[in-house]
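Inspection log for the structure reproduced underneath, given as structure tokens.
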Amino acid sequence: MDCYDLTRMTWNEVKEALKTVKFAIIPIGAHEQHGPHMAESCDAVLAERMAKKLGEKMFPFCIVTPTINMGVSQHHLNFPGTISLQPNTLIAILNDMISSLKHHGIEKVLLLNSHGGNQSTLNVASMTLTKELDVEIYYAKTTASAKQSIKNFVTSNLFGHSCEREVSEALYLAPELVRPELLEKGDIQEQGRWKQLRPGNAIQGFYYYEEMTQNGCIGDATKASWEIGRQIVEESLENLSKELYKLLKIEVETPY
């Protein structure tokens with residue numbers, strides 16, 4: 001066994017694993033539209049695949065839980081098929097999962113998130129549940145730390161959803177999600193209040209995704225490739241594992 005994957009283990013195997021496990025990874029995704037060229041399960045699948053790869057790098061010190069397959073996706077709801085949780089629903093699910101993990105002696109948790117719309121909710125969850133449950137809760141976006149690879153390969157000013165970055169990650173981690181013959185650029189709405197409300201601007205707020213893009217994509221998925229995905233994913237895994245070893249004070253021989 002090179003990864004403690006809770007969905008594939010018996011209770012006896014979990015009992016043995018808990019002798020070395022220091023923390024749990026909870027993969028968190030979403031079920032939402034990803035334009036004409038990606039399956040709607042994209043975020044959930046990528047979160048799960050990333051969590052298992054990180055679990056391999058952190059073996060035998062972590063255990064990977066079942067994936068939370070839905071997230072906070074109200075901004076995508078006007079595209080057919082999107083299913084969204086309310087923020088308090090996601091926090092309630094996390095409360096129950098983390099309470100269960102604590103019952104088994106796991107008191108440190110990484111929320112590994114692949115959907116940007118979850119981030120603000122996870123910030124609140126980390127703060128409130130850390131205090132209420134007396135545990136350590138951290139959160140990270142799956143590939144946000146791959147700053148060098150993203151700088152090298154992502155050329156669109158507007159990217160982050162079904163774009164060259166995300167499609168490349170999928171080509172590397174879960175190619176079955178991608179419809180290669182249907183790849184297209186984001187069909188961006190040039191006018192609209194969404195431009196004023198994007199992250200990094202002076203004022204931010206809620207807007208529906210169709211206010212920004214007619215086909216549900218941003219960036220340029222036609223530039224995506226397996227190799228770009230490999231470099232982004234592997235850089236992220238190196239950065240995440242390095243920080244986890246330091247943060248959790250896991251004493252092992254590592255290259256870090």
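Note: hydrogens, waters and symmetry copies are ignored here, and every other heavy atom, side chains too, is used.
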Hydrophobic cluster membership, with links at side-chain heavy-atom distances under 4.5 Å among I/L/V/M/F/W/Y: are [X] and [Y] in one?
| X | Y | result |
| --- | --- | --- |
| Met9 | Val109 | yes |
| Leu111 | Met70 | yes |
| Leu110 | Met50 | yes |
| Met1 | Ile63 | yes |
| Ile25 | Leu173 | yes |

Inter-residue atom distance [X].[atom1] - [Y].[atom2], 0.5 Å rounding:
| X | Y | atom1 | atom2 | result |
| --- | --- | --- | --- | --- |
| Leu158 | Ile218 | CG | CD1 | 4.0 Å |
| Tyr207 | His75 | OH | NE2 | 8.0 Å |
| Gln74 | Ser84 | CD | OG | 3.5 Å |
| Arg230 | Ser168 | CZ | OG | 12.0 Å |
| Gln119 | Ser126 | CD | OG | 10.5 Å |
| Ser236 | Leu54 | OG | CG | 10.0 Å |

* Output field: ring centroids Tyr4/Phe59 closer than 6.0 Å ->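 That pair passes the under 6.0 Å test.
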* ring pair (Phe, Tyr, Trp, His ring centres under 6.0 Å) partners of residues 153-203, not counting sequence neighbours, each pair once ->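 Qualifying pairs: His34-His161, His76-His161, His161-Tyr209, Tyr172-Trp226.
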Sequence neighbours left out, what passes salt bridge (charged side-chain N to carboxylate O under 4.0 Å, His left out) with [X]? Give chain and number order.
| X | value |
| --- | --- |
| Arg198 | none |
| Glu48 | Lys52 |
| Glu16 | Lys19 |

* For the pair Glu238 and Lys57, evaluate salt bridge (Lys or Arg N to Asp or Glu O under 4.0 Å) and give the outcome as yes or no after the intermediate values. => CA-CA 8 Å; Glu238 287 297 314; Lys57 292 187 77 68; 2.6 Å; yes
* Asked: Which pairs with one or both residues in residues 91-111 pass salt bridge (charged side-chain N to carboxylate O under 4.0 Å, His left out), sequence neighbours excluded?
  ->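 Matches after skipping sequence neighbours: none remain.
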* What pairs with Ile93 under side chain to side chain contact (heavy atoms under 4.5 Å, CB included), at least two apart in sequence or on another chain? ->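 If we apply the side chain to side chain contact (heavy atoms under 4.5 Å, CB included) test to Ile93, skipping adjacent residues, the hits are Ile68, Leu85, Thr89, Met97.
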* Asked: What residues form a side chain to side chain contact (heavy atoms under 4.5 Å, CB included) with Ala30, not counting sequence neighbours?
  ->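 Per chain and number, Ala30 pairs via side chain to side chain contact (heavy atoms under 4.5 Å, CB included) with Glu32, Asp43, Ser73, His115.
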Side-chain touch [X]/[Y], heavy atoms, less than 4.5 angstrom:
| X | Y | value |
| --- | --- | --- |
| Ile28 | Thr67 | no |
| Leu171 | Glu227 | no |
| Leu129 | Val135 | no |
| Lys249 | Lys22 | no |
| Leu6 | Pro66 | yes |
| Gln86 | Val72 | no |
| Ile137 | Leu94 | no |
| Lys15 | His104 | no |

* To do: Quick one: do Cys3 and Val64 satisfy side-chain contact (heavy atoms from CB on, under 4.5 Å)? Show the steps, please.
  => CA-CA 8 Å; Cys3 174; Val64 179; 4.0 Å; yes
* Asked: Are the side chain of Thr213 and the backbone of Cys217 linked by a donor-acceptor contact shorter than 3.5 Å?
  ->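 At least one qualifying donor-acceptor pair exists.
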* To do: Under the side chain to side chain donor-acceptor pair (under 3.5 Å) rule, collect the residues that match up with Glu243, sequence neighbours excluded.
  =>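 Scan of Glu243 (side chain to side chain donor-acceptor pair (under 3.5 Å), adjacent residues dropped) gives Lys246.
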* Please list, chain by chain and in numerical order, all residues satisfying side chain to side chain donor-acceptor pair (under 3.5 Å) with Ser162, sequence neighbours excluded. =>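 In terms of side chain to side chain donor-acceptor pair (under 3.5 Å), with neighbours along the sequence ignored, Ser162 is linked to His37.
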* Asked: Could you walk me through whether Ile26 and Ile98 pass the side-chain contact (heavy atoms from CB on, under 4.5 Å) check?
  -> CA-CA 9 Å; Ile26 300 180; Ile98 295 168; 3.9 Å; yes
Identify the two heavy atoms, one from [X] and one from [Y], that lie closest to each other, and give their separation to 0.1 Å.
| X | Y | value |
| --- | --- | --- |
| Asn118 | Gly29 | ND2-O, 3.0 Å |
| Ala174 | Val45 | CB-CG1, 3.7 Å |
| Asn69 | Ala44 | OD1-CB, 3.4 Å |
| Cys42 | Glu166 | SG-OE2, 3.8 Å |
| Ala224 | Val167 | CB-CG1, 3.5 Å |
| Ala24 | Thr65 | CB-CG2, 4.2 Å |

* Taking the hydrophobic residues Ile, Leu, Val, Met, Phe, Trp and Tyr, and joining any pair whose side-chain heavy atoms are under 4.5 Å apart, which ones share a cluster with Phe206? ->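 Hydrophobic cluster check, Phe206: joined to Tyr208.
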* Asked: Does a sphere of radius 6.0 Å around CD in Gln191 hold more than 12 heavy atoms from other residues, nucleotides or ligands, not counting ones at 6.0 Å or beyond?
  ->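 Result for CD/Gln191: open.
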* Counting only heavy atoms not in Asn157, do more than 12 sit closer than 6.0 Å to its CG atom? ->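 Count not over threshold, so no.
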Give the table of side-chain donor-acceptor pairs shorter than 3.5 Å for residues 138-152, with sequence neighbours excluded, one pair per line with atom names and distance.
{"unit_1": "Tyr138", "atom_1": "OH", "unit_2": "Glu136", "atom_2": "OE1", "d": "2.6"}
{"unit_1": "Tyr139", "atom_1": "OH", "unit_2": "Asn123", "atom_2": "ND2", "d": "2.8"}
{"unit_1": "Thr143", "atom_1": "OG1", "unit_2": "Glu169", "atom_2": "OE2", "d": "2.7"}
{"unit_1": "Gln148", "atom_1": "NE2", "unit_2": "Asn152", "atom_2": "OD1", "d": "3.0"}
{"unit_1": "Ser149", "atom_1": "OG", "unit_2": "Gln231", "atom_2": "O", "d": "3.3"}
{"unit_1": "Ser149", "atom_1": "OG", "unit_2": "Glu235", "atom_2": "OE1", "d": "2.6"}
{"unit_1": "Asn152", "atom_1": "ND2", "unit_2": "Gln148", "atom_2": "O", "d": "3.3"}

* To do: Show the numbers, then the answer: is there a side-chain contact (heavy atoms from CB on, under 4.5 Å) between Met58 and Ile250?
  => CA-CA 10 Å; Met58 300 299 299; Ile250 298 174; 4.0 Å; yes
* Asked: With a 3.5 Å cut-off and no angle check, do the side chains of Thr82 and Gln33 form a donor-acceptor pair?
  ->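 No, no side-chain donor-acceptor pair sits under 3.5 Å.
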Check residues 177-190 and write down every donor-acceptor pair under 3.5 Å in which the side-chain atom is one partner and the other belongs to a residue at least two apart or another chain.
{"unit_1": "Glu184", "atom_1": "OE2", "unit_2": "Asn215", "atom_2": "ND2", "d": "2.7"}
{"unit_1": "Gln189", "atom_1": "NE2", "unit_2": "Glu210", "atom_2": "O", "d": "3.4"}

